[in-house]
Amino acid sequence: ELTFTALSYRTGPYAANGIPFADGYEDYFTLLNERDGGIGGEPVRLIECETGYNTEKGVECYEGTKSSGALVYQPLSTGITYQLIPKMTADQIPMHSMGYGRTSAKNGEVFRWIFNYPANYWDGASIAIKHLLDVNDGDLSGKKIALVYHNSAYGKEPIRTLEELAEKHGYELSLLPVDHPGQEQKSQWLQIRRDRPDHVIMWGWGVMNQVAIQEAVNIRYPMENFLGIWWSGSENDVKPAGDGADGYKALAFHNFGSDYPLFDDLKEHVIDKGLAAGAGDQVGSVLYNRGLYAAMLAAEAAKTAQEIHGVSKITPVMMRDGMEALEMTEAKMTELGLPGFGPEFKVSCQNHGGNGFAAVGQWDAAAGEWTMITDYMQADQDVLGPLIEEDSMAYAAESGIEPGCN
Amino acid sequence: MFYREAGDFKSSYVEDSQTFPIKFDRYRYYVVLIFAFAVVPFVVNDYWVNAIFMPFLIYSIAAIGLNILVGYCGQVSLGTGGFMAVGAFACYKLMTAFPDISIIIHVILAGGITAIVGVLFGLPSLRIKGFYLAVATLAAQFFLVWLFNRVPWFYNYSATGQITAPERTVVGAPVTGANTDAWAAYFFCLVFTVACAIIARNLTRGAQGRKWMAIRDMDIAAEIIGVDPLKAKLSAFAVSSFFVGISGALFFAIYLGAVEVGEVFGIQKSFLVLFMVIIGGLGSIFGSFAGAAFLVLLPVLLKNTLVGGLGWPTDLAAHIEFMVVGALIVIFLIAEPHGLAQLWRIAKEKLRLWPFPH
Amino acid sequence: MLDATQTPSGTKAETVLEINNIEVIYNSVILVLKGVSLRVPKGGITALLGGNGAGKTTTLKAISNLLHSERGEVTKGSILYRGETIQNLTPNDLVKKGVIQVMEGRHCFEHLTVEENLLTGAYTRGAGKGDIDADLNMVYDYFPRLKERRRSQAGYTSGGEQQMVAIGRALMSKPETILLDEPSMGLAPQLVEQIFGIVKSLNENQGYTFLLAEQNTNVALRFAHYGYILESGRVVMDGPADDLRENPDVKEFYLGMSDEGRKSFRNVRSYRRRKRWLA
Amino acid sequence: MLDASDEGYITADGRKIGGVLMEMKNISLRFGGVKAITDITFDIREGEIRAIIGPNGAGKSSMLNVISGFYVPQEGEVWYKGEKRPPMKPFQVAQLGIARTFQNIALFEGMSVLDNVMTGRLNYMKTGLLAQAIWKGKAEKEETENREVVEKIIDFLEIQTIRKTPVSRLPYGLKKRVELARALAAEPSLLLLDEPMAGMNVEEKEDMSRFILDVNDEFGTTIALIEHDMGVVMDLSDRVVVMDYGKKIGDGTPDEVRKNQAVIDAYLGVAHD
Amino acid sequence: MPDQLVYAMEVFLNGLMAGVLYALVALGFVLIYKASGIFNFAQGVMALFAALTLVGIMEGRVPFAHLIKAVTGADVHHFGWTVPSLAAILLTMLVMVFLAWAVNKLIFNHLVNQEPIILFMATIGLAYFMEGFGDLMWGAEIKKLDVGLPQGINDAIDEVTFGWFGYGFFIDNLDIAATIVAVILVILLVMFSQYTKQGRAMRAVADDHQAALSVGISLNFIWVLVWSLAGFVALAAGIMWGTKSGVQFSLSLIALKALPVLMLGGFTSIPGAIVGGLIIGVGEKLFEFAIGPIIGGATENWFAYVLALIFLVFRPQGLFGEKIIERV
Ligand SMILES: Nc1ncnc2c1ncn2[C@@H]1O[C@H](COP(=O)(O)OP(=O)(O)OP(=O)(O)O)[C@@H](O)[C@H]1O
Ligand SMILES: Nc1ncnc2c1ncn2[C@@H]1O[C@H](COP(=O)(O)OP(=O)(O)OP(=O)(O)O)[C@@H](O)[C@H]1O
Ligand SMILES: [Mg+2]
Ligand SMILES: [Mg+2]
């Protein structure tokens with residue numbers, strides 16, 4: 001038996017986003033159990049623990065489940081991630097903070113137990129600029145870009161990168177913080193209306209996303225110039241604004257929709273059997289797919305670990321080795337029934353963050369779905385590399401970690 | 001039968017004003033203390049310490065602090081989260097600026113700094129009363145959180161705005177950082193909690209406590225019989241914030257280890273501690289413990305029975321948990337508006353009369 | 001023992017309010033009334049006398065069902081109004097039935113003006129504006145001082161003024177039976193006389209029934225027809241007011257009279273412990 | 001009027017009354033349009049029992065509030081112990097040795113009787129916060145010393161049995177007594193009593209009168225007293241001020257006041273014997 | 001006119017509009033506080049609950065679908081019908097009346113004559129309960145709410161102001177609708193509380209429960225009435241905010257925006273809620289506009305409170321609140 005945990009939040013202010021993710025994560029493991037009898041012959045046991053997006057509850061969940069032999073944690077909250085980094089390092093259990101958490105955890109020499117593949121926030125920032133370069137024929141000089149961000153550690157993540165890139169590409173960056181929860185953004189959007197930035201980038205979460213998009217619609221800001229990070233790009237965020245949100249863009253590190261062979265299996269083995277998690281009405285939504293994707297990566301890492309160590313019943317320590325040796329190729333994904341579902345990437349001891357690929361999706365209000373409008377692009381690793389090095393080494397110094405790979 | 005006052009004579013006023021005038025209570029108190037200091041550290045595991053004991057002990061300090069302000073002095077405050085943040089950030093700045101000084105001193109100093117900030121925000125209480133004051137203290141809550149989020153100096157210019165507790169030891173054993181043993185963290189918190197409880201008890205049983213209670217019960221009359229409202233209120237704010245600051249420091253340094261201010265010390269925290277105080281019982285040190293235990297333990301217990309025991313989906317369990325906690329609060333209030341402490345007191349009164357009904 | 005429903009003239013009046021052997025417990029531990037029985041005849045003035053903490057207020061609150069909100073409850077016995085049990089009625093049902101209580105210690109609505117306070121008294125009545133205005137004027141006639149202060153918030157009026165407001169407010173409900181708790185407390189002597197005068201005239205002219213709890217035994221017995229004396233939650237003595245006034249014990253302990261007439265307060269040099277009826 | 005010289009006078013029952021302790025000079029107090037007190041002047045002498053009487057709403061309680069610094073009169077001066085009292089906060093007035101009770105009992109409902117009475121001694125308890133936090137030693141000693149004083153007062157007022165009862169559970173009359181105890185605990189030089197006997201029966205009034213007289217006798221405390229029971233007022237007081245509609249309409253010995261026609265008209269109704 | 005001034009005017013106008021939205025939430029607090037001295041912590045959750053119920057009825061959602069599925073395995077989500085918005089609003093009002101009745105029957109009936117802080121605590125219990133209950137009943141996902149209110153920039157104002165200043169002002173149609181609703185509500189409520197006997201009784205109850213009982217005012221009736229009114233106001237607020245951001249848990253957090261309004265206007269004054277709302281709205285928007293950029297922005301949350309605090313220091317009962325009676 002292999003144990004996985006899902007620290008999910010189906011309640012609280014971010015429940016609307018937590019539910020589809022948790023459903024996807026859970027359904028994938030149910031599928032493995034039903035269809036394949038688990039991973040490498042070992043049935044999967046999934047322990048779900050409700051955090052309500054609350055740090056203390058997250059810690060409680062971790063402490064309560066860690067002795068169950070859980071192979072990997074997906075804390076699904078930057079706050080909880082930060083709490084758990086030192087604890088899990090000490091306990092020698094790997095963590096996967098996929099597309100969130102501490103960016104510099106990419107440096108596996110310092111953060112031995114933490115993984116954040118396939119992409120992180122700084123990648124996101126860089127790819128966003130890359131996309132804007134593309135739509136502006138490669139030249140952003142003199143352009144005005146506004147960043148509307150959640151006024152928290154999460155929202156502030158991209159600022160460093162965007163500032164760095166502003167120097168490189170010559171655009172003008174203005175910062176517009178929005179306080180939690182973000183229901184009232186009149187000031188920010190009036191300012192945008194006055195300053196008429198050429199592009200708006202958003203780092204939002206929860207209700208802030210919906211309000212921002214609605215306000216953008218209200219001031220008739222051109223939606224195609226409005227680009228969100230992947231946490232600002234689900235159906236939840238655009239639907240309340242109705243047709244006005246048509247054309248809004250967001251980054252993504254996995255594909256949309258349920259048009260993949262795997263979903264047929266899901267329907268057969270999970271949904272039709274009435275085994276779907278939650279209300280079962282989230283299949284194919286962006287965040288559901290993200291949960292599914294996270295589970296898939298976890299399962300693949302477990303498989304890799306089983307191969308490396310030649311045992312089916314792996315331990316968290318072995319799991320780490322599997323994660324560190326994980327390689328996602330197109331062939332592998334096709335075999336899994338998810339062709340082209342995510343970028344190809346490879347993890348190594350030095351690089352726990354994958355290769356930093358992401359793509360841009362766009363909301364089609366009439367069809368009610370997200371569509372990919374670009375290929376996966378790689379973030380500007382020249383700019384990001386040093387930043388990550390600097391931040392992770394600072395952490396290493398602070399916490400007395402000897403960076404290295406063994 | 002054994003719970004009797006009769007035969008338990010006091011021959012001096014000192015004996016009469018001790019904390020547990022009844023012998024049986026006194027013995028029980030000693031037993032609990034011995035158990036907490038000499039037994040628990042040897043048997044606890046990580047889960048018990050991190051999920052239950054530490055939050056319980058740390059929240060107890062915060063609840064005692066807030067109880068002094070709300071329960072004893074009658075000044076309702078919703079700024080607890082902000083003041084805990086002051087404690088946490090003060091502790092962080094001290095820990096990083098003076099790494100060679102003992103963390104014990106840092107925690108106490110953090111309390112002191114919070115006390116100063118508390119007094120500052122307590123000034124309006126001289127004019128503003130009741131719920132107006134409660135809402136006014138929210139200004140402190142929001143402003144402080146904004147400040148710690150906004151001014152990089154507070155988080156030593158770290159890229160993320162988070163603060164992380166470096167490792168510190170007390171007599172050789174690490175009490176902060178990743179290498180801390182559960183028992184060490186527990187012990188460290190326990191010592192602070194017990195010390196705070198004793199201090200709080202001492203302050204509230206004597207002249208100072210009476211000044212506070214007089215202000216609480218009827219501020220005008222208190223002033224006319226000679227209580228300086230300025231001093232009484234501000235001292236309550238100071239003492240209360242001192243405790244709250246200590247709990248914030250412990251919360252950050254020992255319990256969580258890393259903190260993002262908006263998330264951990266947000267307004268939710270203010271409410272949570274206030275709930276503890278009211279459910280436990282206003283104006284009762286024991287109540288602060290009871291309230292903290294109630295609100296820390298109950299959700300864990302419910303979760304473990306509903307999810308672990310009955311195997312319900314986590315979200316249903318979570319919703320039902322909310323409903324049960326809410327309903328229990330109401331039921332307790334209806335059964336006894338003055339909190340768990342009062343329930344306990346009435347139970348004791350009944351015990352004393354037992355087996356007679358009146 | 002005599003019966004309260006026995007009028008002085010010997011005819012037997014109808015009993016409106018009957019309390020049989022009630023027990024009241026506060027906070028489910030403090031036993032306050034230990035078997036109190038009373039009868040209040042229709043159209044009479046019945047006085048409930050007794051020292052501090054005897055249980056007068058508690059008795060009245062038990063009748064008007066206000067105990068509930070003080071965490072007290074009637075655990076034994078029954079309370080009948082016109083032969084009906086009223087223990088399960090809400091206080092406002094009771095007001096509709098014509099029983100109203102004037103609470104001890106004034107209890108005005110501080111933020112309402114004096115006039116608004118009076119108007120709340122008419123809350124249960126479906127009466128038109130004209131009727132209510134007429135009653136308002138009646139109250140102002142009784143208490144001219146209130147008319148002067150009609151526009152000020154009750155919270156700022158003096159203690160005596162508040163007492164007038166409380167009584168006036170009760171009158172506004174056009175009750176049949178009024179439970180008066182210490183109406184004379186804090187009132188100037190002239191006003192005490194006046195208020196009892198009003199009680200008397202309401203009783204005689206409008207047929208209102210009164211049950212009044214009083215410390216001021218002197219006045220109470222002068223105006224009441226019948227009296228009950230309560231001590232530590234028990235009725236220790238009752239009888240027609242005139243008889244009670246002649247009773248030597250009552251004279252000594254409740255009226256402050258000694259053989260030589262009224263004694264001076266200055267001359268009570270020793271604390272004489274009185275003999276208790278129930279020691 | 002008594003011909004009271006500056007040195008005082010001798011009362012009918014032979015007590016010696018001293019010089020002027022407190023003097024109210026031309027006090028006027030208004031609340032918006034309401035004239036609560038209009039140009040009132042009177043004095044209180046050392047060792048004296050001084051009554052203030054008058055119809056409801058005459059401004060008696062307001063006068064006490066002026067004395068204890070809770071109301072600030074628009075006009076007039078307050079002289080205390082021969083000095084003009086500068087504007088003061090009520091708690092400073094209390095520290096001058098003026099204690100009082102209230103018309104609508106103002107006890108601290110959340111505390112026990114003992115604690116309530118102990119609050120009366122707050123001005124004598126000076127240990128700092130730190131010493132109190134440690135308790136053992138200074139704070140404990142101070143507590144015990146003051147407790148002894150308070151226990152004496154409790155004994156004196158015969159409220160031993162309810163020492164530990166929360167005051168919210170007490171009947172009205174006992175609350176009044178506890179309030180008196182609290183005021184006495186301050187060992188005041190001037191004690192202000194606002195209707196101390198309202199809501200009491202004769203026996204209790206007798207007890208209360210006894211207490212008041214004994215306080216006055218034993219401790220030499222000066223007492224100013226508002227009361228509606230004419231029996232009590234006339235028997236206890238040495239001099240009486242009569243107010244009506246905020247004005248002073250009479251001042252003198254009980255006998256003089258009793259015969260004053262203005263007083264009879266405004267207040268007494270009938271001449272009391 | 002200099003640009004900055006024109007912008008400031010636009011910010012000012014938008015501040016007024018935002019203020020009205022805050023006031024709408026604050027009104028609910030005022031009503032209950034006025035009639036029972038209860039500081040109703042659950043007001044925000046009530047707005048959420050009302051909006052959830054409205055959406056649920058409009059879309060014909062099956063209540064407790066999730067619970068039913070977990071218990072019986074039956075997967076039912078929708079009844080299959082939709083209800084027109086007006087009818088749905090009326091039905092929701094009925095639900096709010098029922099809620100008021102239940103709250104009173106189960107909770108406040110048992111807490112007559114308790115101190116304000118105890119009652120406050122009870123509303124916290126209620127908030128917890130309803131938070132779980134609302135989610136359990138209708139699910140936690142975001143729901144779109146569209147009762148047909150106009151939304152987006154008002155073109156007429158845009159054009160007119162463009163003609164005047166060369167810069168078109170942005171005013172949201174939804175805000176205009178909210179203003180109209182709020183004004184109507186305030187007028188009705190003021191008339192109710194000042195000129196009807198129930199209104200007077202309501203204020204009496206707030207002062208003294210026991211005395212109100214003793215003159216025959218039925219606390220039950222008054223409280224059900226007032227909680228129903230507060231429920232209607234919550235519904236209005238829920239519709240406005242829900243239209244803007246979708247109906248979801250965060251809706252309950254709008255209560256936090258209402259508190260400074262309440263403080264400033266006075267807890268007991270209905271007009272105070274509006275005036276307070278306007279001052280807060282304008283104040284925080286102008287401050288963010290003028291000072292925000294200098295000190296790093298996102299000042300609105302704390303500024304509203306600090307502004308209210310400053311007002312309170314001068315008038316401890318808020319602008320229009322009843323004077324706190326201090327007598328001995
Ligand atoms: N809410 C309460 N909780 C506990 N005990 C109470 C409560 N109210 C009254 N009592 C007790 O009940 C007894 C009777 O009180 P009650 O008020 O009925 O006396 P009373 O005769 O009206 O006295 P008084 O003349 O002083 O008003 C007292 O001993 C009092 O302590
Ligand atoms: N704070 C205040 N604001 C407004 N009016 C007041 C205030 N205090 C007292 N008054 C008014 O001043 C007048 C005198 O009040 P005061 O309480 O002094 O009367 P009193 O002589 O003590 O009467 P009682 O014998 O009824 O207690 C009253 O009309 C009262 O309404
Ligand atoms: Mg009584
Ligand atoms: Mg008075």
Side-chain angles (χ1 to χ4, degrees), chain C residues 60-61 64-72 90-113 115-127 129 132 153-159 162 165-166 169-175 178-179 181, chain E residues 30 33-37 104-105 107-116 118-119 193-225 266-270 272 317-318 320-328:
Chain C
L60 294 193
K61 284 193 174 156
S64 56
N65 271 326
L66 289 174
L67 276 182
H68 179 67
S69 56
E70 291 211 22
R71 320 217 126 230
T90 60
N92 71 306
D93 285 334
L94 217 56
V95 174
K96 284 193 189 133
K97 283 190 176 297
V99 184
I100 195 160
Q101 176 171 10
V102 176
M103 295 212 291
E104 175 183 52
R106 291 134 201 160
H107 283 281
C108 289
F109 303 121
E110 292 188 338
H111 291 98
L112 271 57
T113 62
E115 184 152 311
E116 282 176 323
N117 261 281
L118 295 177
L119 288 175
T120 55
Y123 178 79
T124 48
R125 288 168 58 193
K129 199 168 164 357
I132 289 177
Q153 286 192 322
Y156 287 117
T157 53
S158 82
Q162 293 186 2
V165 169
R169 191 173 63 190
L171 294 183
M172 290 295 290
S173 77
K174 287 259 152 177
I178 301 184
L179 313 175
D181 201 351
Chain E
V30 170
Y33 192 83
K34 230 172 133 67
S36 45
N104 182 54
K105 178 92 191 158
I107 305 179
F108 293 102
N109 217 348
H110 304 279
L111 290 173
V112 177
N113 209 25
Q114 295 298 342
E115 293 146 51
I118 306 293
L119 297 173
S193 91
Q194 291 301 328
Y195 301 113
T196 64
K197 98 176 178 183
Q198 278 78 15
R200 194 163 48 230
M202 177 175 116
R203 290 185 289 142
V205 169
D207 264 357
D208 192 327
H209 294 173
Q210 276 218 315
L213 279 174
S214 81
V215 295
I217 295 171
S218 159
L219 292 193
N220 282 333
F221 173 73
I222 294 290
W223 283 357
V224 172
L225 180 77
F267 282 16
T268 47
S269 164
I270 292 170
Q317 71 276 28
F320 295 91
E322 271 165 358
K323 201 147 179 254
I324 299 157
I325 291 183
E326 295 200 325
R327 277 211 62 181
V328 282

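- For E:Ala212, the parts sitting under 4.5 Å from any heavy atom of chain C are the backbone and the side chain alike.
- For the residue pair C:Thr90 / C:Asn92, a side-chain donor-acceptor distance below 3.5 Å is found, with atom types taken as modelled.
- In terms of heavy-atom pairs under 4.5 angstrom with chain E, the leader among C:Met103, C:His68, C:His111 is C:His111.
- Chain E forms more heavy-atom pairs under 4.5 Å with one residue of C:Leu179, C:Thr124, C:Leu119 than with any other, namely C:Leu119.
- With respect to chain E, the highest number of heavy-atom pairs below 4.5 Å among C:Thr120, C:Asn117, C:Asp93, C:Leu112 belongs to C:Leu112.
- With hydrogens and angles disregarded, no donor-acceptor distance shorter than 3.5 Å links the side chain of E:Arg200 to the backbone of C:Tyr123.
- Note: C:Glu110 leads C:Arg71, C:Gln101, C:Glu110 in heavy-atom pairs under 4.5 Å with chain E.
- Using a 4.5 Å heavy-atom threshold, the side chains of E:Trp223 and E:Val205 count as touching.
- Side-chain contact between E:Val215 and C:Val95: absent, with no pair of heavy atoms (C-beta onward) separated by less than 4.5 Å.
- There is no contact between C:Lys96 and chain E, counting heavy-atom distances below 4.5 Å.
- The shortest distance between side-chain heavy atoms of C:Ile178 and C:Leu171 falls below 4.5 Å.
- Interface remark: C:Thr113 contributes no atoms to any contact with chain E (heavy atom separation under 4.5 Å).
- Heavy atoms of E:His110 lying under 4.5 Å from chain C belong exclusively to its backbone.
- Here the side chains of E:Met202 and E:Leu225 are not in contact, with every heavy-atom distance at 4.5 Å or above.
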